[in-house]
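Before any comments, here is the structure.
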Protein chains: 4
Amino acid sequence: MSSSSPQQRRGDTRQRIQDVALELFAEQGYEKTSLREIAERLGVTKAALYYHFKTKEDIIISLFEDLTRPIDELIRWAEEQPRTLEMKREVLRRYSEAMAGGASLYRFMQENQASLRELTIGETVKKRLFALVDLLRTGQEDAPLVDQVRCVSALFTLHAGMMFLQHVEGDPEETRQAALQVATDLITQAHGQA
Amino acid sequence: MSSSSPQQRRGDTRQRIQDVALELFAEQGYEKTSLREIAERLGVTKAALYYHFKTKEDIIISLFEDLTRPIDELIRWAEEQPRTLEMKREVLRRYSEAMAGGASLYRFMQENQASLRELTIGETVKKRLFALVDLLRTGQEDAPLVDQVRCVSALFTLHAGMMFLQHVEGDPEETRQAALQVATDLITQAHGQA
Amino acid sequence: MSSSSPQQRRGDTRQRIQDVALELFAEQGYEKTSLREIAERLGVTKAALYYHFKTKEDIIISLFEDLTRPIDELIRWAEEQPRTLEMKREVLRRYSEAMAGGASLYRFMQENQASLRELTIGETVKKRLFALVDLLRTGQEDAPLVDQVRCVSALFTLHAGMMFLQHVEGDPEETRQAALQVATDLITQAHGQA
Amino acid sequence: MSSSSPQQRRGDTRQRIQDVALELFAEQGYEKTSLREIAERLGVTKAALYYHFKTKEDIIISLFEDLTRPIDELIRWAEEQPRTLEMKREVLRRYSEAMAGGASLYRFMQENQASLRELTIGETVKKRLFALVDLLRTGQEDAPLVDQVRCVSALFTLHAGMMFLQHVEGDPEETRQAALQVATDLITQAHGQA
DNA sequence: AATGAATGAGACTTCATTCAT
DNA sequence: GATGAATGAAGTCTCATTCAT
């Protein structure tokens with residue numbers, strides 16, 4: 001009657017590996033998480049992991065591929081919109097939502113930048129970040145440096161909201177809304193001064 | 001009678017270990033940097049490191065002790081000041097300066113949060129961060145959540161300014177000033193609304 | 001009613017496994033060639049190999065069985081002939097031909113003697129070699145050691161001709177004939193001095 | 001009282017590793033010999049091997065460097081001599097002697113050609129072989145193919161003598177002399193027809 | 001103040017093989 | 001006739017650490 005009886009597990013091992021891996025990566029970091037640990041927590045052998053993923057790095061790559069799709073879509077969408085303030089607000093809104101949905105992965109990104117840099121996806125992540133920043137500040141390439149900082153800061157505020165305050169305050173959703181508010185203020189200022 | 005007395009030499013090697021270690025930790029992350037690497041780059045044996053430091057963790061602890069002293073002093077100083085807006089601005093100003101001085105270490109902190117959490121100093125770092133945030137928002141415990149986020153965001157903006165924009169823009173000092181400006185704006189707003 | 005009856009298909013895949021396996025064994029050696037590699041190059045799963053062969057060793061055994069039959073027949077034939085010089089020349093001639101036909105396998109034998117020794121067929125291969133040498137030197141058990149060496153050398157010359165010169169010279173067939181000539185000279189000398 | 005007490009062993013670990021490794025490589029082949037096996041037979045840990053050699057391949061490289069020096073010197077010497085028949089005989093004589101001295105390594109070479117090809121030294125070994133062949137046939141580039149084969153065959157005869165007959169006959173030294181005799185005959189014929 | 005030699009634990013990875021379907 | 005999923009054993013290698021000298 002358990003919801004995850006052996007029979008039910010059939011065929012979803014790949015998914016379960018991803019789940020456990022993400023959990024552990026976010027908790028302990030990428031390097032400190034061994035495949036042995038992942039396998040043990042799943043009740044399979046290390047070799048089983050290698051049936052589903054070619055390398056350890058492959059596991060994390062697959063996680064990024066699955067979980068950052070919303071962001072890629074967001075970027076593609078935004079690039080076709082006019083560079084209005086409203087569009088920028090929408091970008092922040094949807095980015096914040098994506099973060100709420102894939103909290104573990106974003107926490108992982110935030111806390112493992114060093115590991116990320118050595119991995120193949122590091123470059124991709126970086127590019128995506130730059131793309132977002134570009135979107136937020138488009139229409140004002142020659143804007144004062146301060147305004148460019150505001151755009152970057154807006155994104156970081158969303159991250160900060162999720163990562164840092166979460167450890168402290170009560171309702172995560174409320175905190176997220178507050179962070180979104182502050183971020184929106186920041187780009188509004190940046191936009192206005194263009 | 002040699003021109004470098006034993007005491008000086010001692011300090012010398014110890015210091016060189018710290019320098020190289022910080023360089024590598026910042027570059028590659030804590031876990032990915034091995035003692036072998038540090039020793040090789042210094043032209044000594046691994047065993048020599050153990051003459052100066054009890055463990056690998058000890059090396060990083062010593063780095064934090066040496067390099068975060070300014071922050072500790074800043075906190076102690078600020079805690080004795082009245083909670084005025086001017087004091088908060090001064091906190092940000094001095095924090096930003098400290099970051100400029102110990103850039104590698106702050107980069108390390110930012111990029112290795114996962115490693116940090118497992119280390120003894122992790123707790124210390126976290127406490128210091130909370131202490132700073134508390135200082136910035138003091139006088140308004142019951143302030144709207146949004147204002148609390150602004151305080152956190154102000155600190156993160158300084159980090160963001162250092163870490164992120166650095167990869168992109170020209171003069172780091174100019175960027176630092178811009179980030180300081182944005183951060184100051186943020187706490188000004190937070191303070192005003194109290 | 002399909003144009004390829006089950007029997008044919010069976011033979012088909014089995015044969016294709018053998019072909020690919022021999023190719024890879026000859027190219028990379030027995031130990032360095034994994035079943036995964038064979039399966040991948042065939043576009044089937046590893047498990048499929050196990051439908052046709054009981055073990056990895058079984059694959060190579062089957063190759064030897066199929067490809068060394070001419071040698072076995074040659075030996076049986078020669079053992080019933082009178083020990084004349086002409087018979088010995090015929091042995092070399094046919095051995096050389098067999099090698100040309102199963103070049104990959106002979107290359108494999110030459111380059112993987114170490115692996116061969118650990119395998120069950122190793123013994124068989126060795127026996128066959130001894131049988132050939134015996135045939136070549138029969139009629140002169142008490143011949144000077146030098147002549148016995150000549151017989152062994154004759155066989156090795158054929159191998160050397162195939163393996164070594166092949167990497168260097170132009171027409172393989174011409175080289176083979178030259179090697180055969182030298183080998184024949186050797187046993188002629190050995191025979192003559194008896 | 002034993003000739004290899006722990007105290008005596010001090011400092012010669014590197015040498016002992018080489019000895020044991022060569023023994024096992026020759027016996028079982030390169031791939032089939034694991035570092036665990038080598039370490040166990042020596043009574044040290046695997047990690048100790050890595051203190052003395054950077055990789056498994058490094059061990060075999062060091063063996064070749066140490067044991068094939070005589071051949072390199074032989075080649076250098078011969079290249080400065082006039083291409084007389086007497087010089088060629090001397091080459092074979094000294095090559096045969098070198099083989100007797102480093103029997104294990106030459107057995108290894110003969111039996112692990114496949115492994116060798118994948119290793120860095122493979123190329124070196126091959127070059128050396130070609131250099132020897134060139135020396136033996138110099139002065140008759142346009143000689144009939146048959147004579148070129150004779151030169152190669154001469155070298156292979158020495159190998160064959162060592163490897164093959166050894167398993168069978170009595171006194172190895174006598175066999176070696178016989179092989180040398182046959183090899184010398186071969187190049188004499190080749191030389192005469194130039 | 002530092003080295004040389006070694007260890008024990010554990011990392012990632014690959015392999016031949018099995019078995020239910 | 002073949003696959004999908006998994007295993008157990010083993011492989012090479014790296015790491016932080018120790019200790020006698």
Side-chain angles (χ1 to χ4, degrees), chain A residues 9-14 17 31-39 42-59, chain B residues 6-7 9-14 17 31-39 42-59, chain C residues 6-7 9-14 17 31-39 42-59, chain D residues 9-14 17 31-39 42-59:
Chain A
R9 280 182 181 165
R10 269 294 158 79
D12 64 343
T13 302
R14 200 190 132 97
I17 292 172
E31 331 271 2
K32 294 269 283 189
T33 302
S34 71
L35 296 183
R36 179 183 51 71
E37 228 175 332
I38 298 176
L42 272 167
V44 297
T45 39
K46 274 178 288 166
L49 305 186
Y50 279 91
Y51 177 76
H52 294 282
F53 298 94
K54 239 174 39 199
T55 64
K56 186 185 179 185
E57 191 173 348
D58 235 51
I59 299 181
Chain B
Q7 287 94 315
R9 293 223 104 187
R10 187 179 212 281
D12 195 26
T13 299
R14 208 189 122 94
I17 293 172
E31 329 273 2
K32 293 267 283 192
T33 302
S34 69
L35 295 185
R36 177 181 54 67
E37 229 175 331
I38 298 176
L42 271 166
V44 297
T45 27
K46 270 182 292 169
L49 305 185
Y50 279 90
Y51 179 80
H52 293 282
F53 298 94
K54 235 173 45 199
T55 65
K56 186 185 180 185
E57 193 174 345
D58 240 48
I59 298 180
Chain C
Q7 289 94 316
R9 292 224 104 189
R10 186 178 214 282
D12 195 25
T13 299
R14 207 189 123 94
I17 292 172
E31 329 273 1
K32 293 268 282 192
T33 301
S34 69
L35 295 186
R36 177 182 53 68
E37 228 174 333
I38 298 175
L42 270 167
V44 296
T45 26
K46 271 181 292 169
L49 305 185
Y50 279 89
Y51 178 80
H52 294 281
F53 297 94
K54 234 173 48 200
T55 64
K56 185 184 180 185
E57 192 173 346
D58 240 49
I59 299 180
Chain D
R9 277 177 183 169
R10 271 292 158 77
D12 65 341
T13 302
R14 199 189 134 94
I17 292 171
E31 332 270 2
K32 293 269 283 189
T33 302
S34 72
L35 296 183
R36 178 183 53 70
E37 228 174 334
I38 299 176
L42 273 166
V44 296
T45 37
K46 275 177 288 166
L49 305 185
Y50 279 93
Y51 177 77
H52 293 283
F53 297 94
K54 240 174 41 202
T55 64
K56 186 184 180 186
E57 190 173 347
D58 235 51
I59 298 181

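Labels below follow one simple rule: chain letters A, B, ... track the order of the sequence lines, proteins then strands, and each chain is numbered from 1. Small disclaimer: the values here were computed from a predicted structure and weren't measured.
For the atom pair CD1 (C:Ile17) and CG (C:Asp12), the distance works out to 10.0 Å, reported to the nearest 0.5 Å. Rounding to the nearest 0.5 Å gives a distance of 10.0 Å between OG1 of B:Thr13 and CG of B:Leu49. Interatomic distance, A:Tyr51 OH to A:Thr45 OG1, rounded to the nearest 0.5 Å: 13.0 Å.
Ranked by how close their nearest DNA chain E nucleotide is to the 5' end, D:Ala48 and C:Lys32 are led by D:Ala48. Toward the 5' end of DNA chain E, the nearer of the two residues B:Gly43 and A:Thr55, judged by each one's closest nucleotide, is B:Gly43. Judged by closest nucleotide on DNA chain F, D:Thr33 is the one of B:Thr33 and D:Thr33 placed further toward the 5' end. A residue-by-residue look at B:Glu37 and C:Val44 shows that C:Val44 has its nearest nucleotide of DNA chain F further toward the 5' end.
At whole-Å resolution of the value, CZ in A:Phe53 and P in E:dC12 are 15 Å apart. When rounded to the nearest whole Å, the span between CG of A:Leu49 and P of E:dA11 equals 13 Å. Counting to the nearest Å, the C1' atom of E:dC12 and the CD1 atom of A:Ile38 are 12 Å from each other. Regarding C:Asp12, its CG atom lies at a distance of 14 Å from the C1' atom of F:dA2, rounded to whole Å. Rounded to whole angstrom, the span from the NZ atom of C:Lys56 across to the P atom of E:dT14 amounts to 15 Å. Following rounding to the nearest Å, C:Leu35 (CG) and E:dT18 (P) show an atom-to-atom distance of 11 Å. Protein atom CD of B:Glu31 is 16 Å distant from nucleotide atom P of E:dG10, rounded to whole Å. The separation between D:Ile59 atom CD1 and F:dT12 atom C1' is 11 Å, rounded to whole Å.
Looking at A:Lys46, its side chain never comes within 3.5 Å of a backbone N or O of A:Glu37 through a donor-acceptor pair. Although no hydrogens or angles enter the test, the distance criterion places a donor-acceptor pair under 3.5 Å between the side chain of B:Lys56 and the main chain of B:Thr33.
The side chain of C:Arg36 places an N or O atom within less than 4.0 Å of a non-bridging phosphate oxygen (OP1 or OP2) of E:dC15. Side-chain N/O atoms of A:Tyr51 include one lying less than 4.0 angstrom from OP1 or OP2 on F:dA5. Checking the phosphate oxygens (OP1, OP2) of E:dT14, no side-chain nitrogen or oxygen of A:Tyr50 falls inside 4.0 Å. For the OP1/OP2 pair of F:dA6 and a distance below 4.0 Å, the side-chain nitrogens and oxygens of A:His52 include at least one atom meeting the criterion. Using a 4.0 Å cut-off, some side-chain N or O of C:Thr13 falls inside it from OP1 or OP2 of F:dA2.
Put simply, the side chain of D:Ile59 reaches to within 4.5 Å of the side chain of D:Leu35, judged on heavy atoms.
For F:dT21, the paired nucleotide is E:dA2, the pair qualifying as Watson-Crick or G-U wobble because both relevant distances are below 3.5 Å. Pairing for E:dA16 goes to F:dT7, judged as Watson-Crick or G-U wobble with the two contacts each under 3.5 Å.
In the set E:dC15, E:dT3, F:dA2, the nucleotide with an atom closest to the side chain of B:Thr45 is E:dT3. Distances were taken from every side-chain heavy atom of A:Ser34 (C-beta onward) to each of E:dA2, E:dA11, F:dT3; the shortest belongs to E:dA11.
Evaluation of atom-type donor-acceptor distances gives a pair under 3.5 Å for the side chain of C:Lys46 against the base of E:dT17.
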